[in-house]
Amino acid sequence: MAMLNDTIYALSSGAPPSGVSVIRISGPLTRDILARLVGSVPAARHVSHRTIRTRNNQPIDSGLVLFFPAPHSFTGEDVAELQIHGSKAVLAALFHALGEIPGVRMAVEGEFSRRAFENGKLDLVEVEGLADLIGAETEMQRRLAVEHSAGGLSTIYDSWAERLTRARALIEAELDFPDEDDVPGSVSDMVWADMEKLRNDIQHHLAAASAGEIIRDGFKVVIAGAPNAGKSSLLNALARRDVAIVTEIAGTTRDVLQVDLDIDGYLIKLYDTAGLRQADDRVEMEGVRRARIALRDADLVLLLVDMAKPQIPDDLEQTSPHVTVGTKRDLIDISTDRYDLEISTATGVGLPELRRLIGNIVEKRFAGLSMAIPSRQRHKDSLTKCLAALEAALSQTDVNLELRTEQLRIAAEYLGRITGRVDVEHLLGVIFSEFCIGK
């Protein structure tokens, strides 16, 4: 196990070669390292231009040096940042010089963020938001991650935990002083009315969890239909590159193929599936089975029908929510109103409309939604357990008050687990191992 009081260093910017590389150092030996490498400790939070030297006074490179004394730094420890030229040779020489110092070592994944968490600089939701911000590829992922990393979600959970604690305190005060002249039960009634409101708030919030997961992990659009309906051609046309093999032979697609699209800032995961039909070939049968699983998990199904030879697999009629798309528009003379949309991948007719249609469906799903919403299964699980404890406290009116307030304590504890305000040791390894080194 890595020592927590070691001083750690890592490359915190992208992989070399690059114009500039940022090396981050954190821990008790940071000042000593600066004195050794650049001659002295620069003024706090001021940029200095220095030459970085080896132990034998050989120059490694010159660059910008910043020093952030504890506790006012990212990790809450003494932190230094060196901005130097991003060549592999320069980095290798600097890392060699750092590695020679006893008590100094390369950081492991997420170790800077873990120290920030353990020193009270970030809570777990903010840490996860930071990881999501680094990995964000679309505008909506960026917005969601910024909200989380800036503490927007944590503020909500903390205020709820506070309401639960206050409710417990008021009820316990009433249990301790039952003979006061106050109207009996008035405090209690007020408390339970607020808990009722809190339950509704949490229910409403939890209902948005699927939206948060979709923004973070993608909106699943599955292209389905009979063999040869033009599914792979559509996948290629929407992705604007060839990702699926397109041939005239029915049953070419044997697996679920997937591409990521960015439509209006949302991550759209587009899946091309095997044509649905009674298959004799074992490999194709497996493809059809996987196609059915993809359909079951889809947020939207594009049901493709070849308008020249219309064929809809019986078991697809029930699929919802779906959009029926007539394909091969270039091969037929007249259009009908049997389809929600008619397209031709050969001529490009209807494709911009289809992109727009997908965008509108996703947009509608998120209309008016705040970005302070849960986005991970971990958040969802703890919120569900918190809600169950709150439900128990509210519904067990015939049970004595001590037991009901215990349920309120449990509810608050589950909220605390989301932000890391209560003991979450077993979670930490999992969360921080997902990070890149240097973060």
Side-chain angles (χ1 to χ4, degrees), residues 218-264 266 268-279 281 284-285 287-362 364:
F219 184 82
K220 298 188 184 73
V221 177
V222 173
I223 304 172
N228 230 14
K231 297 182 294 299
S232 298
S233 300
L234 175 60
L235 180 83
N236 293 341
L238 284 174
R240 297 201 179 93
R241 61 194 168 95
D242 285 345
V243 288
I245 307 160
V246 185
T247 68
E248 291 309 306
I249 308 159
T252 317
T253 302
R254 299 297 182 87
D255 202 347
V256 176
L257 300 173
Q258 189 254 313
V259 293
D260 288 351
L261 304 180
D262 180 342
I263 296 184
D264 301 337
Y266 292 96
I268 307 295
K269 287 196 165 312
L270 191 64
Y271 295 87
D272 172 24
T273 56
L276 297 169
R277 66 168 178 179
Q278 285 302 311
D281 169 340
E284 193 185 342
M285 279 161 73
V288 172
R289 189 187 71 80
R290 291 182 187 190
R292 295 195 201 289
I293 292 170
L295 285 170
R296 195 188 61 210
D297 298 338
D299 295 307
L300 173 68
V301 174
L302 300 179
L303 173 53
L304 266 52
V305 181
D306 176 350
M307 294 194 290
K309 291 180 287 196
Q311 210 186 339
I312 299 182
D314 318 334
D315 54 352
L316 253 188
E317 291 290 10
Q318 308 313 313
T319 305
S320 67
H322 72 275
V323 173
T324 308
V325 180
T327 62
K328 309 187 186 176
R329 176 75 187 83
D330 53 310
L331 299 182
I332 61 158
D333 302 328
I334 47 156
S335 66
T336 71
D337 52 8
R338 284 179 53 187
Y339 309 103
D340 297 316
L341 208 64
E342 295 181 3
I343 64 165
S344 162
T345 51
T347 63
V349 164
L351 292 180
E353 287 79 359
L354 183 57
R355 271 185 94 95
R356 238 190 336 268
L357 180 78
I358 296 170
N360 291 344
I361 288 170
V362 179
K364 211 170 281 165

Which heavy atom of Val325 sits nearest to which heavy atom of Tyr339, and what is that distance? C-CD2, 4.4 Å

So CD1 of Ile343 and CE of Met307: to nearest 0.5 Å the spacing works out to 8.5 Å

Ignoring hydrogens, what is the shortest heavy-atom contact between Val323 and Leu357? Give both atom names and the distance. CG1-CD2, 3.5 Å

Where do Gly350 and Leu341 come nearest, in terms of heavy atoms and distance? O-CD2, 4.2 Å

To the nearest 0.5 Å, how far apart are OG1 in Thr347 and CG in Asp330? 5.0 Å

Quick check: closest heavy atoms across Val222 and Ala298, and the distance to 0.1 Å? CG2-CB, 3.6 Å

With rounding to the nearest 0.5 angstrom, report the CG to CG distance, Leu302 to Asp340. 10.0 Å

Nearest 0.5 angstrom please: Thr324 OG1 to Leu303 CG, how far? 5.0 Å

Atom CG of Leu270 and atom CG of Leu261: how far apart are they, to the nearest 0.5 Å? 5.0 Å

If you measure from CG on Asp264 to CD1 on Ile358, what distance do you get to the nearest 0.5 Å? 10.5 Å

Backbone N/O of Ala229 and side chain of Thr327: donor-acceptor pair under 3.5 Å: yes

Closest non-hydrogen atom pair between Lys231 and Leu304, with its separation: CA-CD2, 3.6 Å

Check whether Ser344 reaches the backbone of Lys328 with its side chain - one donor and one acceptor, N or O, closer than 3.5 Å. no

